[in-house]
Number of protein chains: 2
Amino acid sequence: MAKTDTKTRVLNTAERLFAQKGFDAVSLRNIIAAAKVNLAAVHYHFGSKQALVHAVIARRLRPINGERLAKLAEIRAKSGRRPLKLERVLDCLFRPLFRVQADPKAGPTFARLVGRVMGERNEGLHKFMMGELAEVIIQFGAALEAALPGLTKEETDWRSHFMAGAMAHTLCNADLLVRFTGTDANASDYESTVRRLIDFTAAGFRAKVSPPTRPHKKK
Amino acid sequence: MAKTDTKTRVLNTAERLFAQKGFDAVSLRNIIAAAKVNLAAVHYHFGSKQALVHAVIARRLRPINGERLAKLAEIRAKSGRRPLKLERVLDCLFRPLFRVQADPKAGPTFARLVGRVMGERNEGLHKFMMGELAEVIIQFGAALEAALPGLTKEETDWRSHFMAGAMAHTLCNADLLVRFTGTDANASDYESTVRRLIDFTAAGFRAKVSPPTRPHKKK
DNA sequence: ATTTGATTCAAACGACTGTTTGAAACAGGC
DNA sequence: GCCTGTTTCAAACAGTCGTTTGAATCAAAT
């Protein structure tokens with residue numbers, strides 16, 4: 001088989017370096033040197049650095065989001081008239097993403113990249129991500145509300161946000177988790193990560209809402 | 001009173017710009033232009049850009065961490081032989097940080113900056129942050145374990161990590177929360193944020209641990 | 001072999017970057 | 001006023017940056 005084509009080499013290398021060091025810290029020259037291609041190839045194939053960033057993200061995220069939505073549609077079809085089970089909804093959201101982490105080719109680099117993107121405030125990228133995630137937000141938002149009928153939309157949205165943070169942080173720091181938590185490598189497969197994250201976030205979603213004026217120790 | 005001294009002006013401006021755009025995307029010339037100081041002043045007062053970054057973070061984070069540890073020591077003293085209450089521990093951790101958000105001077109910029117730092121993978125910065133957070137991690141780690149006697153250290157550590165993610169994401173995106181969650185501005189004070197975050201994370205910490213091999217729908 | 005479009009190339013443009021340097025200005029003590 | 005240390009200044013260094021350009025090379029069809 002022929003060696004990887006130029007475009008793919010740029011994408012793979014950019015993905016790795018962006019994940020390692022961040023979008024702004026990695027220049028096109030860093031990428032082309034590592035990918036052994038010509039600088040102008042980036043502009044030929046992608047048009048700009050910004051467009052390269054979007055392409056790097058989209059090529060992985062689209063299939064993941066597609067799978068998320070398909071899984072959600074599936075559990076919806078199977079549940080019929082019964083309410084959706086929260087853990088199932090969360091599983092549909094987390095699993096496709098964390099499974100990428102287990103892929104030896106993409107592995108830790110893409111997961112970390114997604115985690116990083118979620119904290120990014122670059123306007124162009126933010127707008128792009130909102131576009132990519134629009135349908136997921138709508139569908140999973142509705143599914144979470146359906147799975148949590150006793151919770152107001154406002155509380156559901158806040159807790160969705162906390163959940164997103166927990167998920168992003170986990171993606172971003174997958175390699176640190178082993179060291180930090182003292183977890184041994186065998187136990188650290190993505191299945192157990194998904195399970196743990198579901199345990200934590202499902203409980204969080206179901207938490208009793210505290211009254212607004214919370215008494216606290218006054219110093 | 002005399003106008004703000006050069007050093008402080010640099011710190012304030014850097015804080016604001018770093019929070020807005022990130023560390024790598026903001027150059028020293030961006031900072032000095034906005035602060036109306038001379039480029040060499042940065043090197044005179046701080047030595048390097050990296051050192052400026054550290055200084056920006058440390059000047060706010062140190063007092064916050066100091067307050068966290070003091071609050072923790074206080075609730076420890078008050079609880080005597082009784083076990084620490086989880087919500088109290090979490091309050092000690094979150095409140096000092098989220099209260100900065102309510103400060104009209106520092107306000108959203110520092111909170112966002114801390115949120116951003118927590119996802120940062122720059123080696124120098126990461127090492128610096130580990131140093132700044134070492135005592136907090138040790139003390140709160142122990143406190144959480146004491147507050148959750150039925151949970152293994154491994155699970156506590158995983159859940160601590162999820163909690164950190166939820167906290168960071170909330171800090172990083174405070175301004176988006178209003179828009180995203182549909183929360184009206186009045187309800188969006190830091191007290192309610194802290195309360196909500198405690199509700200969610202406390203429940204997550206207390207969640208029942210699922211058995212390792214979780215049956216799931218196989219496609 | 002020629003034509004055509006696709007792809008890659010090296011050089012260049014116009015900017016920007018963090019760091020350094022020696023001089024000038026400032027501020028306080030004597 | 002002089003001395004000393006502190007602080008600010010403008011210029012410069014040696015790079016680096018994303019984008020552009022016209023030419024060369026490649027590849028496929030005729």
Side-chain angles (χ1 to χ4, degrees), chain A residues 1-59 113 117 120-128, chain B residues 1-59 113 117 120-128:
Chain A
M1 196 67 231
K3 71 171 186 175
T4 311
D5 68 279
T6 302
K7 185 173 177 177
T8 303
R9 277 182 26 232
V10 173
L11 284 168
N12 290 344
T13 308
E15 181 178 281
R16 178 166 55 86
L17 296 182
F18 287 150
Q20 282 175 10
K21 297 179 190 154
F23 301 106
D24 293 317
V26 176
S27 69
L28 293 179
R29 285 173 174 86
N30 296 144
I31 293 164
I32 61 162
K36 295 180 164 49
V37 302
N38 184 276
L39 181 56
V42 177
H43 291 90
Y44 178 76
H45 288 286
F46 302 102
S48 68
K49 185 186 175 184
Q50 182 82 310
L52 171 62
V53 170
H54 293 179
V56 164
I57 295 163
R59 79 166 172 159
L113 187 64
V117 167
E120 194 58 58
R121 298 306 303 273
N122 169 293
E123 274 308 306
L125 189 51
H126 182 76
K127 192 169 171 181
F128 170 76
Chain B
M1 195 64 231
K3 71 171 187 176
T4 313
D5 68 278
T6 302
K7 187 173 177 179
T8 303
R9 275 179 31 226
V10 172
L11 284 168
N12 289 342
T13 308
E15 180 177 279
R16 176 165 58 84
L17 296 180
F18 287 152
Q20 281 174 11
K21 300 186 184 141
F23 301 105
D24 294 317
V26 175
S27 70
L28 293 179
R29 285 173 175 83
N30 296 146
I31 294 164
I32 61 162
K36 296 180 163 51
V37 301
N38 185 276
L39 180 56
V42 178
H43 291 90
Y44 178 78
H45 288 286
F46 302 101
S48 68
K49 183 184 176 182
Q50 183 81 311
L52 170 62
V53 170
H54 294 180
V56 165
I57 295 163
R59 78 163 173 162
L113 189 64
V117 167
E120 194 59 56
R121 298 307 302 274
N122 169 292
E123 274 308 306
L125 189 53
H126 183 73
K127 193 170 173 180
F128 169 76

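Small disclaimer: the values here were computed from a predicted structure and weren't measured.
- For A/Y44, no side-chain nitrogen or oxygen approaches OP1 or OP2 of C/dT8 to under 4.0 Å.
- Straight-line distance from the NE2 atom of B/H45 to the P atom of C/dT19: 16 Å, rounded to whole Å.
- The side chain of A/T6 contributes an N or O atom lying less than 4.0 Å from OP1 or OP2 of C/dT8.
- Between the CG atom of A/D24 and the P atom of C/dG18 there is a distance of 12 Å, given to the nearest Å.
- When all heavy atoms of B/T13 and B/I31 are compared, the closest pair comes out as CG2-O, 3.6 Å.
- Per the geometry, CG belonging to B/L52 stands 10 Å off P belonging to C/dG18, to the nearest Å.
- Bounding nucleotides for the chain B contact on DNA chain D, 5' to 3', at a heavy-atom distance below 4.0 Å, are D/dT6 to D/dA12.
- C/dG18 atom C1' lies 17 Å from atom CZ of B/F23, rounded to whole Å.
- Atoms CG (B/N38) and C1' (C/dA24) sit 12 Å apart, rounded to a whole Å.
- Computed from coordinates, the A/I32 CD1 to C/dA11 C1' distance equals 13 Å when rounded to whole Å.
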Practice item. Could you please spell out the steps behind the side-chain contact (heavy atoms from CB on, under 4.5 Å) verdict for A/I57 and A/F128? Key: CA-CA 10 Å; A/I57 295 163; A/F128 170 76; 4.1 Å; yes
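- To the nearest 0.5 angstrom, A/D5 atom CG is 8.5 Å from A/L11 atom CG.
- For B/K49 and A/R29, each mapped to the nucleotide of DNA chain C holding its nearest heavy atom, the one lying further toward the 5' end belongs to A/R29.
- Between the NZ atom of B/K21 and the C1' atom of C/dC16 there is a distance of 14 Å, rounded to whole Å.
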For residues 42-50 of chain A, which side-chain donor-acceptor pairs fall under 3.5 Å, sequence neighbours excluded?
unit_1: A/S48; atom_1: OG; unit_2: A/A51; atom_2: N; d: 3.1
unit_1: A/K49; atom_1: NZ; unit_2: A/F23; atom_2: O; d: 3.0
unit_1: A/K49; atom_1: NZ; unit_2: A/V26; atom_2: O; d: 2.7

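- Considering CG of A/L17 and CG of A/N12, their distance stands at 11.0 Å, rounded to 0.5 Å.
- With A/N30 contributing its side chain and A/S27 its backbone, the two residues share a donor-acceptor pair below 3.5 Å.
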